[in-house]
Structures are given as C-alpha cells and as structure tokens.
Amino acid sequence: MKAFNFFNPTRILFGKDKAENLGAELKKDCIAKVLMIAGGGSIRQNGAYADFVKTMQEHKIDFVESWGVQANPTLEKARELIELAKRENVQAIVAIGGGSVIDTAKAVASGYYLEDIWAVYQRKAVIREALPLYTILTISATGSEMNGNTVLTNTETLQKWGIGSEKIYPRLSVIDPSYQRTLPAAQTVNGALDAIAHILEFYFMDPDACVTLGINDSLQCTIIEMTDRLLADPQDFSARASLAWAATLALNGLSGVGLAGGDWACHQIEHSFSALHPRIAHGAGLGVIFPAWIEFMAERQPAVFNRWAKNVWGASGISEAVMLFRDKIKAWGSPTNLRELGISESDIPLLVEKSMIAPRLGALSRFTASDVEALLMLAF
Ligand code: NZQ
Ligand code: ZN
C-alpha cells in the first residue's frame, strides 16, 4: 500500500427528511443569508426545494434564489453567480441538485474571493478561502457532496477542466435518497456508471492496497446490485439508500486510500466528449471508455486486473469480465460505443487534442496522443 494523507471535513446528514435540519445547522454556524443555487427545476418535483424553503423560513434565514445551472456546467454561469453572491452579500452557499449544481456552487464559493475563478482551473491561481458551502444532494453520482473537486466547461475554449482544494469541501451535505425517486432510469444509470468509474480510476494502481481494494470490490458489487434493483423498481428506497452511500464513498477519499492518487486518464478523455457535446452525460461517456481502457491496459498489471475480473464479475479472465461489464451497461440501456454516444469518426482528432491538454494523461501508464487515438478506435 502506498503512503497516503486522508482528509475529509464534510458532515453528512443521511436519510429521509434530514433536510429539515439545515436551517438549525446554518443558525448554529451564525449564517443569516445564503445564496441558493439550483439547476433546471427538478428540485420542485422531488420535494428538495420545498423542504429547503420550509427550513429557511422556520429559522428566519434570508435566501436569494438562482436557477438554471445546466448539466455539464459552464464557467459563464459560475461567473454570473459569483457577481450575484457579491452583490447580495451572502454569507454562505446552499447547492440543491447534483454534481453540476454543487460543482458550480464550489466555484462560486471560492470565486467570491478571487479576481478570476478560471485562473484556478488553469493552475495560475490557488484557492485560499471560500464561503461555507452546504448541499442537498438529489442525484448520486459524482461524490461532489463530500469532496473538494469541481469541474467546469469553458465554452469559449471547449475546455472541461477540474480542480481540487481542501477549501471547497462542503461543510455539510444532506443525502436524502427519497429525493432520487423522481430520477429517470437513464440518470440513475449515469450516476451508477460514474461511481463505478471513480472506483476504477484508483483500483488498478497497487495490488497490495488490500484494505482499500476490499472496500472497492464491495462498493462496485453494491452499485451493480442496487442499480439492477432500481431498474426493476425505481421506488425501492433501500436500494436508493445503498446506491447513494456507495456513490458518495466512491469519491470522498476512501476509495483512493493507498492508491497513489489514481489514474484518471478515462475521466480526462471523457471530459473531452462532454466538452465537445454537452448533451453527453458524464457517466454515459465513462461507460463507453472504461471497458475499452481495461482491454487496452490489462496486460500491464495482470494480477490486479484479474482480481477485478474475479471479485467483481465472477469471471475467470479479464476478457470475460470486460464482456460482462459491457453486457451490464447494455442491459442498463446505456451506450457501449462512441457511435451510440453520438460521436463520429471525424470528431476523433479533436477529442485526442482536447484529451492531451493537461500536463500528463494517465498514471498507471502515461498516454501519448497515439495511445488515446488507439483507445478511441477500440471504443468506436
Ligand atoms: O437541472 P436539474 O433540474 O437539477 O436536473 C438534473 C440534470 O438534468 C437531473 N436531476 C438531478 N436530480 C434529479 C434530477 N432529475 C430528476 N430527479 C432528481 N432527483 O439530472 C440531470 C443531471 O444532473 P447533474 O448534476 O449534471 O448530474 P451529475 O451529478 O452526474 O453531475 C455531473 C457533473 O459533475 C462532474 C461531471 O463532469 C459533470 O459535469 N463531475 C464532478 C466531479 C466532482 N465534483 O467530484 C467528479 C466527476 O467525475 C465528474 O467529473
Ligand atoms: Zn466522474
């Protein structure tokens, strides 16, 4: 197991009706005025917005509402909301929604104290302070409710870039799985695939990280089983709860302990898909690229790839496991190749270029542009 530092300051309130405690928590933290950030309106249907308004009113906390964060959120929207937060002189941010809303809220919380938030994504500035952030999660996928990461797209330059900072972990997150009963099946699946991908980014880094690999086997098996159950019965609350907690643990630091920070080539490559085509859901893109990446990489670390094949898929070899993985993605109704994602062969040169913009791509193996091209052709 590699040396590691572990840090996670986020308090979690997990379970039904937990959002009713938010007002009291804000009051305890001496917060009198917040900026609420939300997406396209699903929180009006799932009850999260009504619960937020109720607890704010009960505890006489003033709030300004801002709506319209889109999936695959943009720098432009974050900049608009930073100006609003400054104008309204808020003391904290409350994000209600999924990763897109929470990631935007993190940019707003830190951008409040910066001249230009994009400079941080460009690694030209660092976050030194941020407004306190509280979240009410409505889709389990990214782990953003319990990590210090944010990913935004600069639509002018077609760069979808992520950053991490200890200053932007939410102070508190409410995870009430009952808000997720309104999710369309495809969104439940996108979330499950993203959570599996987070585990896989770490999984193959060190076969000796036995504790973490044991946890990661269990998280993957749980996510697969709970997703199957939810596709059969979307109102299965117990499956929602287990899927939600597994997805949070998939990217809150725990799944990466002793695994050298992970690989992240697949995420970087997927981000180029959704930067070019914002309609592509992050989880769906990962469901296409990850099985191909495992096929591409398996010979380099056969022991740990075989462990994954056996423990997660009950397979006798890696090719059988990849086949079972793809069959599962297909059975869940998600794309299994780039064509089904709506990517054409003529997009590939630009996808390669956008995947290569960071200083390095991949850790288990450092990818060159021709590796990315070969991988994309394998996924085509
Ligand atoms: O806009 P609203 O109305 O909120 O609708 C959303 C959106 O259309 C809808 N939704 C959310 N909860 C719902 C619901 N619909 C019905 N019922 C509910 N309960 O679902 C759609 C997708 O939401 P989004 O927030 O985009 O999904 P997700 O949580 O998957 O976030 C994806 C974004 O996070 C980034 C991705 O790249 C992508 O931009 N990531 C963030 C990470 C992080 N911060 O650690 C890591 C990830 O790897 C990822 O890169
Ligand atoms: Zn992800």
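What you see is a predicted model; the values in this text were computed from it and never measured. Only heavy atoms go into these numbers, but all of them, side chains included; no hydrogens, no water, no symmetry mates. We're numbering straight along the sequence, starting at 1.
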Legend entry - Matching residue for Ser140 among Gln180, Arg240, Glu145 - test: side chain to side chain donor-acceptor pair (under 3.5 Å): Gln180
Legend entry - Single-linkage hydrophobic cluster Ile163~Val126, side-chain heavy atoms < 4.5 angstrom: no
Inset, instruction - Report the distance from atom CG of Asn311 to atom CG of Asn306, rounding to the nearest 0.5 Å. - result: 10.5 Å
Legend entry - Sole residue of Leu378, Ile329, Thr336 in side chain to side chain contact (heavy atoms under 4.5 Å, CB included) with Pro291: Ile329
Inset, instruction - Quick one: do Leu259 and Asn216 satisfy side chain to side chain contact (heavy atoms under 4.5 Å, CB included)? Show the steps, please. - result: CA-CA 11 Å; Leu259 288 166; Asn216 287 348; 4.0 Å; yes
Legend entry - Side chain Asn154, main chain Leu75, donor-acceptor under 3.5 Å: no
Inset, instruction - Kindly indicate whether the side chain of Ile175, heavy atoms from C-beta on, has any atom under 4.5 Å from the side chain of Ile12. - result: yes
Inset, instruction - Could you tell me whether Glu76 atom CD has more than 12 heavy atoms of other residues or ligands within 6.0 Å of it? - result: no
Legend entry - Cluster check Val151, Leu361: I/L/V/M/F/W/Y, side chain < 4.5 angstrom: no
Inset, instruction - Just grab all the side chain to side chain donor-acceptor pair (under 3.5 Å) pairs involving residues 9-19, residues at least two apart or on different chains. - result: Arg11-Glu25
Inset, instruction - With rounding to the nearest 0.5 Å, note down the distance linking CD in Glu270 to OG in Ser272. - result: 7.5 Å
Legend entry - Distance-minimising heavy-atom pair for Arg229 and Ser238: NH2-OG, 3.3 Å
Inset, instruction - Carefully, step by step, assess Val312 and Leu324 under the rule side chain to side chain contact (heavy atoms under 4.5 Å, CB included). - result: CA-CA 10 Å; Val312 179; Leu324 292 169; over 6 Å; no
Inset, instruction - For Asn147 and Leu251, indicate whether the former's side chain and the latter's backbone hold a donor-acceptor pair under 3.5 Å. - result: yes
Legend entry - Contact check, side chains of Asp116 and Arg79, non-hydrogen atoms, under 4.5 Å: yes
Inset, instruction - Might you point out which heavy atoms bring Leu35 and Ala85 nearest each other, and give the distance in Å? - result: CD2-CB, 3.9 Å
Legend entry - Whether Thr55 side chain and Asp51 backbone form a donor-acceptor pair below 3.5 Å: no
Inset, instruction - Decide yes or no for His267 and Leu286: does some side-chain heavy atom of the first lie under 4.5 Å from some side-chain heavy atom of the second? - result: yes
Legend entry - Asp228 and Lys328 ion-paired at < 4.0 Å: yes
Legend entry - For Phe14, all residues meeting ring-ring contact (aromatic ring centres under 6.0 Å, His included), sequence neighbours excluded: Trp245
Inset, instruction - May I ask you to test the Val69-Leu81 pair for a side-chain heavy-atom distance under 4.5 Å? - result: yes
Legend entry - For Asn190 against Ser334, the heavy-atom pair lying closest together: OD1-OG, 4.5 Å
Legend entry - Remaining members of the apolar cluster that contains Phe7, side-chain heavy atoms under 4.5 Å: Tyr169
Legend entry - Minimal non-hydrogen separation, Val108 against Ala78, with atom names: CG2-O, 3.9 Å
Legend entry - Plane angle bin for Phe202 and Trp264 - parallel if under 30°, tilted between 30 and 60°, otherwise perpendicular: perpendicular
Inset, instruction - Considering only Ile, Leu, Val, Met, Phe, Trp and Tyr, and joining two whenever side-chain heavy atoms are under 4.5 Å apart, list the other residues clustered with Val94. - result: Leu13, Leu22, Leu26, Ile31, Val34, Met36, Ile43, Tyr49, Phe52, Val53, Met56, Ile61, Phe63, Trp67, Ile96, Tyr134, Ile136, Leu172, Val174, Tyr179
Legend entry - Point-to-point distance, once rounded to the nearest 0.5 Å, from CG of Leu230 to OG of Ser242: 9.5 Å
Legend entry - Intermediate values then yes/no, side chain to side chain contact (heavy atoms under 4.5 Å, CB included), Asp194 and Thr142: CA-CA 7 Å; Asp194 190 22; Thr142 62; 3.6 Å; yes
Inset, instruction - Using the rule that two of Ile, Leu, Val, Met, Phe, Trp, Tyr join whenever any of their side-chain heavy atoms come within less than 4.5 Å, decide whether Leu375 and Met323 are in one cluster. - result: no
Inset, instruction - Please examine the side chains of Ile196 and Tyr203, heavy atoms only from C-beta on, and report whether any two atoms are closer than 4.5 Å. - result: no
Inset, instruction - Please examine the side chains of Trp313 and Glu320, heavy atoms only from C-beta on, and report whether any two atoms are closer than 4.5 Å. - result: no
Legend entry - Contact summary for Ala379 and Ala292, nearest pair of heavy atoms: CB-CB, 3.9 Å
Inset, instruction - Take atom NZ of Lys167 as the centre, draw a 6.0 Å sphere, and report whether it contains more than 12 heavy atoms from other residues, nucleotides or ligands. - result: no
Legend entry - Backbone of Gly253 reached by a side-chain donor or acceptor of Asn8 within 3.5 Å: no
Legend entry - Approximate separation, where rounding is to 0.5 Å, of Thr182 OG1 and Gln45 CD: 7.5 Å
Inset, instruction - Measure from the ring center of Trp308 to the ring center of Phe305 and say whether it is less than 6.0 Å. - result: no
Inset, instruction - Output the distance between atom OG1 (Thr104) and atom CD (Gln70), rounded to the nearest 0.5 Å. - result: 9.0 Å
Inset, instruction - Please collect all side chain to side chain donor-acceptor pair (under 3.5 Å) contacts where either partner lies in residues 367-380, sequence neighbours excluded, each pair once. - result: Thr368-Ser370, Thr368-Asp371
Inset, instruction - Give a yes or no on whether Val189 and Leu183 share a hydrophobic cluster (residues Ile, Leu, Val, Met, Phe, Trp, Tyr; joining criterion: side-chain heavy atoms under 4.5 Å apart). - result: no
Legend entry - Under 3.5 Å donor-acceptor, Thr248 side chain and Ala244 backbone: yes
Legend entry - Straight-line distance of Leu338 CG to Ile280 CD1, nearest 0.5 Å: 8.5 Å
Legend entry - Full working for side chain to side chain contact (heavy atoms under 4.5 Å, CB included) between Asn337 and Glu340: CA-CA 6 Å; Asn337 59 51; Glu340 288 170 9; 3.4 Å; yes
Legend entry - Connected via hydrophobic side-chain network under 4.5 Å: Leu213 and Val257: no
Inset, instruction - State, yes or no, whether a side-chain contact exists between Cys210 and Met1 at a heavy-atom distance under 4.5 Å. - result: no
Legend entry - Qualifying residue, where the test is side chain to side chain donor-acceptor pair (under 3.5 Å) with Asn72 and the options are His282, His271, Lys160: Lys160
Inset, instruction - Could you name each residue pair satisfying side chain to side chain donor-acceptor pair (under 3.5 Å) that touches residues 82-93, not counting sequence neighbours? - result: Lys33-Glu88
Legend entry - Over all atoms of both residues, closest heavy-atom pair of Leu152 and Ala107: CD1-CB, 3.8 Å
Legend entry - Within 6.0 Å of CZ in Arg128, more than 12 heavy atoms from elsewhere: no
Inset, instruction - Taking the side chain as every heavy atom from C-beta outward, state whether Trp118 and Gln159 have any pair of such atoms under 4.5 Å apart. - result: yes
Legend entry - Output field: ring centroids Phe290/Trp293 closer than 6.0 Å: yes
